[in-house]
Number of protein chains: 2
Amino acid sequence: MSQHRHPGASGRAGVVPALPDLPEATVARLPEYLRALHNLAETGHETISSEGLASAAGVNSAKLRKDLSQLGSYGTRGVGYDVALLIDQIEYVLGLTQRRAVALVGVGNLGHALAGYDGFATRGFRIAALFDADPKRVGEEISGLVVRHIDDLPRVAAEEAIAIGVIATPAAAAQRVADELVAVGVTSILNFAPCVLSVPDGVDVRKVDLAIELQILSFHEHRKASLTRLPATGGSTLTALPGGLAAPDTQEAIGT
Amino acid sequence: MSQHRHPGASGRAGVVPALPDLPEATVARLPEYLRALHNLAETGHETISSEGLASAAGVNSAKLRKDLSQLGSYGTRGVGYDVALLIDQIEYVLGLTQRRAVALVGVGNLGHALAGYDGFATRGFRIAALFDADPKRVGEEISGLVVRHIDDLPRVAAEEAIAIGVIATPAAAAQRVADELVAVGVTSILNFAPCVLSVPDGVDVRKVDLAIELQILSFHEHRKASLTRLPATGGSTLTALPGGLAAPDTQEAIGT
DNA sequence: CGCGATTTGTGCACGTCTTCACAAGCGCCT
DNA sequence: AGGCGCTTGTGAAGACGTGCACAAATCGCG
Ligand SMILES: NC(=O)c1ccc[n+]([C@@H]2O[C@H](COP(=O)([O-])OP(=O)(O)OC[C@H]3O[C@@H](n4cnc5c(N)ncnc54)[C@H](O)[C@@H]3O)[C@@H](O)[C@H]2O)c1
Ligand SMILES: NC(=O)c1ccc[n+]([C@@H]2O[C@H](COP(=O)([O-])OP(=O)(O)OC[C@H]3O[C@@H](n4cnc5c(N)ncnc54)[C@H](O)[C@@H]3O)[C@@H](O)[C@H]2O)c1
């Protein structure tokens with residue numbers, strides 16, 4: 001049970017491997033590998049090569065192998081990776097062996113969609129509670145859960161072990177909600193409101209902002225348009241974009 | 001005293017302002033700066049220092065200055081940046097001087113929320129059309145737009161200049177929809193379905209996957225939990241995370 | 001049992017991103 | 001006019017991430 005982890009010395013004690021400290025870029029890709037692996041498992045694959053998994057996940061195979069090697073050696077040379085084993089490993093590393101409880105705050109337009117989303121349940125999470133500040137919304141039942149008032153957060157948090165808070169309120173309320181989540185011990189927040197949150201050390205915030213994604217796409221549109229106005233410098237100018245175009249979570253022109 | 005520009009007025013015809021090819025990491029942050037600048041403009045600020053803008057955008061000031069310097073020299077030493085001018089500059093670079101038309105495909109749970117989202121309009125975009133494959137959904141009116149059948153996509157695309165396609169269908173349909181979008185000339189896609197899309201060169205795809213975000217948070221939860229089980233190595237172990245913890249679009253522990 | 005085909009794991013080189021630290025530039029005040 | 005304080009813009013260094021290319025390991029087969 002008690003496991004020691006020292007920087008550099010990844011001594012593995014018995015069955016449970018020590019949590020290695022993975023590069024953040026790797027962590028961001030593991031969920032994608034996991035999804036691809038589940039697909040493969042469903043279609044009857046027992047093993048998969050790095051090449052096969054890489055293409056299913058939309059990355060390059062060298063990168064995939066390097067990522068997986070960070071978790072330990074779970075492949076077999078000449079054969080590939082055992083799909084079931086790898087799923088277990090990645091789920092373990094991502095902390096998905098326990099189904100984490102999620103609290104969703106802000107049951108408006110977006111919040112309703114999220115509350116009804118089955119992707120929570122199928123991918124390792126459980127919506128434990130819904131909150132809103134609007135009295136007209138409190139009491140409403142959404143896919144089996146009753147919306148509670150945000151003031152009940154402390155009480156509910158004491159009952160359920162809330163691991164992650166999701167903020168789907170207007171931006172103006174987001175900081176206040178974040179503070180309230182932090183106050184009841186939540187140390188991971190997913191923020192859909194378009195604003196920056198201030199949180200204490202040790203609390204992780206990830207942000208999803210639709211408009212930012214669109215604006216990044218807009219930039220590339222603008223750029224592509226300005227390129228086509230240039231005198232032809234050779235063949236297809238569109239593919240002459242700089243190599244680094246692919247952002248951390250952008251896929252660009254992965255061939256068929 | 002170099003170039004100033006007006007949307008549609010000066011220097012657009014012959015003298016192309018030479019779109020610099022920005023580092024992708026910079027492009028991903030510009031929208032955040034833009035949002036912060038709009039907030040500042042609304043609260044009456046005419047100029048802002050790199051320090052002030054950086055904290056409003058949740059980044060470090062050196063990074064912000066380097067990012068902005070990529071666009072040209074639009075700051076004044078000893079003073080800061082002119083808020084209005086910088087807004088114009090960033091909007092120009094991001095290609096927001098023209099309001100781009102967005103087609104939303106898949107008007108289900110999530111699609112409804114997106115269709116009613118005012119963040120499109122307020123941040124440079126216009127929902128031009130809604131599509132679905134379900135005959136029961138076709139004809140429904142959502143915030144002023146009528147849902148059309150996906151088979152009408154070619155006709156609508158000919159009328160409106162669709163710049164960006166947003167996919168909010170189940171994963172099983174996403175590739176097919178992407179192909180149809182590409183076929184009518186769309187070169188930028190925002191994909192909410194949890195799957196990898198194959199597109200030809202020159203087409204940009206960005207993905208938003210809620211479950212991936214949650215799983216990344218889960219990893220850090222798992223990690224924090226395993227750290228607290230360690231014998232105290234002196235002081236607050238939670239802040240002893242490696243410096244690179246902050247992912248491209250993660251904010252971690254930005255002090256109050 | 002040994003050999004060839006296959007595929008992993010990784011050393012290495014290269015490119016990108018971040019951060020520091022400071023010179024250069026600007027406005028204000030005297 | 002000149003000096004002073006403030007802030008930008010950037011060179012350089014280091015951290016980080018990526019992709020190539022190949023040795024090492026394993027399997028299947030004769
Ligand atoms: N609708 C979308 O598709 C979409 C897409 C991307 C981002 N967003 C962002 O998500 C957020 C929510 O969007 P929406 O369209 O659902 O807005 P909405 O106005 O429909 O819903 C917001 C909900 O939050 C509740 N709320 C307000 N203050 C609260 C508080 N202090 N505590 C608890 N609940 C509170 C309101 O009562 C309301 O029910 C916004 O910040 C929006 O910018 C929305
Ligand atoms: N609901 C959420 O909060 C949420 C969050 C994150 C991601 N997602 C993802 O977004 C997607 C949509 O989720 P949802 O909850 O809205 O699902 P949904 O089933 O409610 O809606 C999907 C819609 O797409 C339509 N559709 C199916 N095939 C189509 C086709 N070929 N062309 C056009 N339209 C088609 C369906 O008729 C339906 O209206 C899914 O991939 C889901 O995983 C949803």
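All values below come from the heavy atoms of this structure, side chains included, with hydrogens, waters and symmetry mates left out.
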Next item on the list: Could you please name the option among dT8(D), dT10(D), dT10(C) that lies closest to any side-chain atom of K66(B)?
Entry: dT10(D)

Note to self: Test your reading of the model: is there a side-chain donor-acceptor pair from Q70(A) to the backbone of D21(A), 3.5 Å cut-off?
What the structure shows: no

Check: Roughly, in whole Å, what's the span from CG in L68(B) to C1' in dG9(D)?
Finding: 11 Å

Notebook entry, point to check: Out of dT8(C), dT8(D), dT18(C), which has the shortest distance to the side chain of S49(B)?
Noted result: dT8(D)

Check: Separation of D67(B) atom CG from dT16(C) atom C1', in whole Å?
Finding: 13 Å

Check: From dG17(D), dC20(D), dT18(D), pick the nucleotide closest to the side chain of A62(A)?
Finding: dC20(D)

Checklist line | Cationic N near anionic O, under 4.0 Å, E32(B) to K207(A) | finding: yes

Checklist line | Nucleotide nearest A25(A) when distance is taken to its side chain, options dT19(C), dC12(C), dG17(D) | finding: dG17(D)

Note to self: Treating K224(B) as the side-chain partner and F219(B) as the backbone partner, does any N or O pair qualify as donor plus acceptor under 3.5 Å?
What the structure shows: no

Check: Salt bridge or not for R223(A) and D204(B), using N-O below 4.0 Å?
Finding: no

Next item on the list: Take the protein atom CG of L71(B) and the nucleotide atom P of dT10(D), then report the distance between them rounded to whole Å.
Entry: 12 Å

Notebook entry, point to check: What is the distance, rounded to the nearest whole Å, between atom CD of Q70(A) and atom P of dC16(D)?
Noted result: 12 Å

Margin query: Just the rounded figure in Å: distance from C1' of dG27(C) to CD of E46(B).
Written below: 16 Å

Item checked: Between Y33(B) and D67(B): side-chain donor-acceptor atoms closer than 3.5 Å -> yes

Note to self: Please tell me if Y81(B) has a side-chain N or O lying less than 4.0 Å from either OP1 or OP2 of dG9(D).
What the structure shows: yes

Next item on the list: Starting at atom CG of L86(A), determine the distance to atom P of dT8(C), rounded to an integer number of angstrom.
Entry: 11 Å

Next item on the list: Identify which nucleotide among dT19(C), dT8(D), dG19(D) has an atom closest to any side-chain atom of K63(B), counting heavy atoms from C-beta outward.
Entry: dT19(C)

Next item on the list: Look at atom CZ of R176(A) and say whether more than 12 heavy atoms of other residues, nucleotides or ligands are closer to it than 6.0 Å.
Entry: no

Notebook entry, point to check: Is there a donor in the side chain of E91(A) and an acceptor in the side chain of T97(A), or the other way round, less than 3.5 Å apart?
Noted result: no

Can you check nucleotides 22-26 of chain C for protein contacts, nitrogen or oxygen pairs under 3.5 Å, and list what you find?
{"from": "dA24(C)", "atom 1": "N3", "to": "R77(B)", "atom 2": "NH1", "distance (Å)": "2.7"}
{"from": "dG25(C)", "atom 1": "N2", "to": "G78(B)", "atom 2": "N", "distance (Å)": "3.4"}
{"from": "dC26(C)", "atom 1": "O4'", "to": "R77(B)", "atom 2": "O", "distance (Å)": "3.4"}

Item checked: d(CG, L53(A); P, dT7(C)) in whole Å -> 14 Å

Notebook entry, point to check: Roughly, in whole Å, what's the span from CG in L64(B) to P in dC20(C)?
Noted result: 15 Å

